[in-house]
A.B. asks: 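Quick one: structure below, then a few questions.
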Number of protein chains: 2
Amino acid sequence: MLTHAAEDYLKSIYKLQEKGGKVSTGILAAYLDVKPASATGMIKKLKTMKLVRYERYRGVTLTETGKAIALEIIRHHRLLELYLFKALGVPWDGVHDEAEKLEHVISEDVEARMDEFLGYPTADPHGAPIPDKNGVVVQTASVPMTDLQDGQSCVVAEVSDNDSALLRHLGSFNLYPGTAFRVIEVAPFEGPFTIDIAGQQVVIGREVAKQIFVDEVQDPDNV
Amino acid sequence: MLTHAAEDYLKSIYKLQEKGGKVSTGILAAYLDVKPASATGMIKKLKTMKLVRYERYRGVTLTETGKAIALEIIRHHRLLELYLFKALGVPWDGVHDEAEKLEHVISEDVEARMDEFLGYPTADPHGAPIPDKNGVVVQTASVPMTDLQDGQSCVVAEVSDNDSALLRHLGSFNLYPGTAFRVIEVAPFEGPFTIDIAGQQVVIGREVAKQIFVDEVQDPDNV
DNA sequence: AAACTAATTTAGGCATACCTAAATTATATA
DNA sequence: TATATAATTTAGGTATGCCTAAATTAGTTT
């Protein structure tokens with residue numbers, strides 16, 4: 001069995017690899033909040049286990065085996081988040097940290113029972129896809145909110161899950177995955193977004209908008 | 001925060017202390033399945049943290065602070081066992097090992113939510129008392145099954161929780177806490193017990209009977 | 001009381017996973 | 001192409017928690 005730290009490294013390499021191929025030691029270390037020297041050490045260990053491909057100074061990628069393990073941990077994490085949210089009513093800004101601890105210790109049996117309880121869900125409370133038992137991920141073709149123009153309508157697909165304060169902020173506007181809204185106006189000079197959400201007018205800062213991904217974008221004349 | 005290992009030591013010292021005052025290094029090491037030398041090392045560390053009283057060659061006892069932490073971990077463990085059993089349908093012979101891993105990582109918030117879901121229970125699936133939030137334990141005055149005589153009636157109060165095979169065996173006879181049975185005959189020479197349980201006649205070995213504790217014992221003439 | 005046995009502690013080592021500081025390699029700039 | 005800068009790796013150190021083997025202490029027996 002792998003250590004918790006090794007599992008965290010694999011999970012992080014997977015996520016960073018998703019947006020940009022090879023992962024550098026420095027990026028990985030920053031993501032995991034450890035020093036680059038520590039990342040080098042763990043990467044070497046993962047290489048001896050044939051879980052990553054690695055050439056010094058050239059970055060790291062997951063092997064098929066490594067990817068399968070990463071997806072298993074991510075599945076644990078997202079199922080746990082949804083379970084904590086739905087079964088125990090943990091607020092959505094709290095489920096990430098809790099799942100972070102539980103994902104390494106939960107058994108496959110308990111995971112299967114949570115999966116069944118939840119009706120074999122495909123997304124966690126932040127809209128992130130839950131890989132199935134075989135590691136198959138169904139990715140939706142969502143778009144960053146910052147790509148939206150005046151008048152466009154859409155549905156929240158996914159939001160970043162690791163910033164608790166951000167999630168509380170979004171929650172206060174009801175900006176959960178599945179929620180529909182319409183862009184009233186995008187301020188010029190990289191300014192904020194004014195949107196209509198269930199009749200309410202709300203202003204969303206640029207930095208916050210970058211953390212929101214949307215689906216089903218429709219232009220006003222398509223309505 | 002304490003390490004998982006330190007928490008396990010405190011929990012084990014508490015349990016051993018319950019049946020016999022001071023706890024020797026050797027007994028503790030055997031209980032935790034480590035070598036006596038390892039136990040000595042941890043005991044010294046716990047002493048510097050003022051969680052145990054310890055004099056070399058003289059055994060170890062918990063301080064008030066150490067006892068409070070031990071009871072907190074035990075509360076986590078038993079609430080988790082009951083939650084896994086009731087909410088997720090994990091069989092009672094599986095909940096101990098699962099809870100053993102989860103008890104160190106579950107938050108107080110999630111624990112409180114499980115407690116509420118379960119209706120503030122006072123016993124786990126094996127009949128062991130669940131300490132309350134303040135560490136208060138309500139101990140029932142149960143008696144070992146091996147003390148029973150021919151004809152006596154009683155109710156299962158508690159069974160050992162750490163032997164999965166034993167629990168499956170007991171489960172096959174419906175010998176859960178709360179189940180009533182009557183002793184038909186105790187075989188001589190430290191032999192087995194023949195009991196009546198819901199009309200069925202069942203034979204229980206001595207070694208198994210030692211792991212069963214019962215309540216509300218009544219003599220046949222009291223019926 | 002001396003000697004033996006059993007329990008316990010000390011001493012020295014190993015693996016994990018982090019750190020800092022120094023050395024190295026790669027890359028960009030002049 | 002030489003040099004400066006940035007990224008990365010190596011080297012050496014820390015803490016946890018386990019181990020084995022040797023030394024010590026306690027308790028029992030003769």
Side-chain angles (χ1 to χ4, degrees), chain A residues 1-14 16-17 19-62 66 69-70 73 97 100-101 103-105, chain B residues 1-17 19-62 66 69-70 73 100-101 103-105:
Chain A
M1 245 295 122
L2 288 176
T3 61
H4 298 179
E7 290 182 345
D8 280 337
Y9 273 86
L10 292 176
K11 188 176 65 163
S12 302
I13 294 166
Y14 176 85
L16 295 170
Q17 204 175 267
K19 14 180 163 81
K22 263 184 185 155
V23 177
S24 76
T25 305
I27 293 286
L28 179 59
Y31 189 82
L32 282 161
D33 199 25
V34 300
K35 301 297 165 188
S38 305
T40 300
M42 180 59 88
I43 289 168
K44 283 176 157 182
K45 183 170 303 175
L46 294 174
K47 184 178 179 172
T48 70
M49 296 189 244
K50 301 198 175 177
L51 301 176
V52 300
R53 276 175 288 271
Y54 170 65
E55 219 86 42
R56 61 206 222 297
Y57 295 101
R58 289 278 116 105
V60 66
T61 44
L62 296 174
I69 295 173
I73 307 295
D97 289 348
E100 203 71 23
K101 299 177 296 178
E103 66 189 14
H104 303 293
V105 297
Chain B
M1 243 296 119
L2 287 177
T3 61
H4 298 180
E7 290 181 345
D8 280 337
Y9 273 86
L10 292 176
K11 190 177 64 161
S12 302
I13 294 165
Y14 176 85
K15 288 188 179 181
L16 294 171
Q17 204 174 267
K19 13 182 162 80
K22 265 185 185 156
V23 177
S24 76
T25 304
I27 293 287
L28 179 59
Y31 189 81
L32 281 161
D33 199 24
V34 300
K35 302 296 165 188
S38 305
T40 300
M42 180 59 87
I43 288 167
K44 283 175 157 182
K45 182 169 304 174
L46 294 174
K47 183 178 179 171
T48 70
M49 296 189 246
K50 301 197 175 179
L51 300 176
V52 299
R53 277 177 286 271
Y54 170 65
E55 220 86 46
R56 61 208 220 297
Y57 295 100
R58 290 278 115 106
V60 66
T61 45
L62 296 175
I69 295 172
I73 306 296
E100 203 70 22
K101 299 178 296 179
E103 65 189 12
H104 302 293
V105 297

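Not measured: the values here are computed from a predicted model. Lettering of chains follows the sequences in order, A, B, ..., and the numbering in each one begins at 1.
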A.B. asks: Given that A:A5 and B:Y54 both sit by DNA chain C, which one's nearest nucleotide is further toward the 5' end?
C.D. replies: B:Y54
A.B. asks: Closest approach to the side chain of B:A37, judged atom by atom: which nucleotide of C:dT16, D:dA21, D:dT10 is it?
C.D. replies: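 Among the listed nucleotides, the one closest to the side chain of B:A37 is D:dA21.
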A.B. asks: Given the structure, check if the side chain of B:Y57 and the base of C:dT9 hold any donor-acceptor pair shorter than 3.5 Å.
C.D. replies: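 No, no donor-acceptor pair under 3.5 Å.
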A.B. asks: Return no unless some side-chain N or O of A:S24 is found under 4.0 Å from OP1 or OP2 of D:dA7.
C.D. replies: no
A.B. asks: Starting from C1' on D:dA7, measure out to CD1 on A:I43 and report it in whole angstrom.
C.D. replies: 12 Å
A.B. asks: Below the 4.0 Å mark, does D:dT9 have OP1 or OP2 next to a side-chain nitrogen or oxygen of A:R58?
C.D. replies: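 Looking at the OP1 and OP2 atoms of D:dT9, neither is under 4.0 Å from any side-chain N or O of A:R58.
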A.B. asks: Below the 4.0 Å mark, does C:dT9 have OP1 or OP2 next to a side-chain nitrogen or oxygen of B:K44?
C.D. replies: no
A.B. asks: Grab the NZ-C1' distance between A:K35 and C:dC19 for me, whole Å please.
C.D. replies: 8 Å
A.B. asks: Within less than 4.0 Å of OP1 or OP2 of D:dC18, is there a side-chain N or O belonging to B:S38?
C.D. replies: no
A.B. asks: Charged N to carboxylate O under 4.0 angstrom, A:K11 versus A:E100?
C.D. replies: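 Looking at A:K11 and A:E100, the cut-off is met.
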A.B. asks: Would you say B:Y9 reaches D:dC18's phosphate, i.e. side-chain N/O to OP1/OP2 under 4.0 Å?
C.D. replies: yes
A.B. asks: Considering only side-chain heavy atoms of A:R56, which listed nucleotide, D:dC18, D:dT10, C:dT10, is closest?
C.D. replies: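 Within the option list, the nearest is D:dT10.
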